[in-house]
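Report on the following structure.
The chain is numbered in sequence order, starting from 1. For ligands, and for the atoms within them, numbers begin at 1 and follow the listed sequence.
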Amino acid sequence: MRNVRIALTKGRLEKRSVELFQQIGFDCSALINKGRRLILPMDNFEVVLAKANDVITYVEHGACDVGFVGKDTIVEAGADCYEMLDLGFGKCRFALAGKAGVDFYSGYHERIVASKYPNVAKAFFASKGMDVRVIKIDGSVELAPLLDFAHGIVDIVETGSTLRENGLVVIEEIMPISARVIVNKASLKLRRSEIEGLLSDIAVAVQVL
Ligand code: PRP
């Protein structure tokens with residue numbers, strides 16, 4: 001049987017994820033000196049680096065057993081896997097934002113909201129009973145209200161500086177976000193002891209980090 005595979009999200013969460021494995025005491029030398037290699041050995045595990053959406057796809061389908069990924073991507077994808085641990089880093093939040101000084105909720109006109117997370121945005125307005133047109137944008141969603149293309153955006157806010165530097169403000173907080181550990185449903189049954197051992201190591205390291 002192959003080693004248990006862990007999919008890590010590339011980019012913002014990557015450094016903290018590797019630090020966590022070092023904290024546990026795993027040999028991270030291949031992960032640190034990865035060059036262009038895509039599958040990296042780490043003790044008795046194989047580590048894969050992938051984009052957040054792909055981490056979910058690989059874990060949902062069992063190509064990887066365990067994934068480190070942001071709650072934002074999990075919620076947007078409606079991921080069909082177990083969410084086992086909150087890693088406590090990658091903290092930010094989903095928020096509705098718009099131009100400073102403009103009341104998003106006033107008036108009866110149709111509202112357009114731009115978002116990289118259309119499912120999250122639709123669910124948020126549905127929970128308020130509001131009929132809002134949500135349009136998917138792939139990057140720098142903050143541009144949409146500045147171009148008068150949208151009345152608001154639903155996006156991730158971390159430090160708030162992207163909003164601030166573009167004259168935008170948070171209208172309403174939607175949900176806190178942080179990095180989570182997800183596990184494939186079948187893997188948790190078939191490789192229970194290995195995966196539970198890994199999860200308990202991670203849980204201890206997270207408290208120390
Ligand atoms: C995210 C998000 C905001 C920004 C918020 O984008 O979409 O634009 O970070 O962070 P802040 O509150 O600290 O300013 P990201 O940098 O991931 O880039 P992207 O637009 O290419 O997805």
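The shortest N or O to N or O distance between L163 and ligand 1 is not under 3.5 Å.
Ranking protein heavy atoms by distance to atom 4 (C) of ligand 1, first place goes to T162 OG1, 3.7 Å. Shortest contact from atom 19 (P) of ligand 1 to any protein heavy atom: K116 NZ, 3.3 Å. Residue, atom and distance of the protein heavy atom nearest to atom 5 (C) of ligand 1 are I156 O, 3.4 Å.
Side-chain N or O atoms of N166 include none that pairs as donor or acceptor with a backbone N or O of L168 at under 3.5 Å.
No heavy atom of V141 sits closer than 4.0 Å to any atom of ligand 1.
Short contacts between ligand 1 and S140, defined as distances under 4.0 Å to a heavy atom of the residue, involve ligand atoms 20 (O). Within ligand 1, counting atoms from 1 as listed, the ones closer than 4.0 Å to a heavy atom of S161 are 12 (O), 14 (O). Shown in contact with T159 at under 4.0 Å from a heavy atom are these atoms of ligand 1, numbered in order with element: 11 (P), 12 (O), 13 (O), 14 (O). Residue V157 approaches ligand 1 through these ligand atoms, each under 4.0 Å from one of its heavy atoms: 12 (O).
A salt bridge is absent between K116 and D138; no separation between the charged side-chain nitrogens and carboxylate oxygens falls under 4.0 Å. Salt bridge status for D65 with R2: present, with a side-chain N to carboxylate O gap under 4.0 Å. A salt bridge is absent between E76 and K71: the closest approach of a Lys/Arg side-chain nitrogen to an acidic carboxylate oxygen does not fall below 4.0 angstrom. K91 and E158 are not joined by a salt bridge, as no carboxylate oxygen comes within less than 4.0 angstrom of a charged side-chain nitrogen. The pair K10-E14 does not count as a salt bridge, with every side-chain nitrogen at least 4.0 angstrom from each carboxylate oxygen.
Protein non-hydrogen atoms do reach within 4.0 Å of atom 22 (O) of ligand 1.
Of the options R12, E165, E142, R93, the smallest heavy-atom separation from atom 8 (O) of ligand 1 is shown by E142. Closest to atom 2 (C) of ligand 1 by heavy atom, among L143, D72, D155, is D155.
Through direct or indirect side-chain contacts shorter than 4.5 Å among Ile, Leu, Val, Met, Phe, Trp and Tyr, V134 is connected to V75, F94, L96, F104, Y105, V113, Y117, V120, F124, F125, M130, V132, V154, I156, I171, I174, M175, I177.
E194 is linked by a salt bridge (Lys or Arg N to Asp or Glu O under 4.0 Å) to R191, counting only residues two or more places apart in sequence or in another chain.
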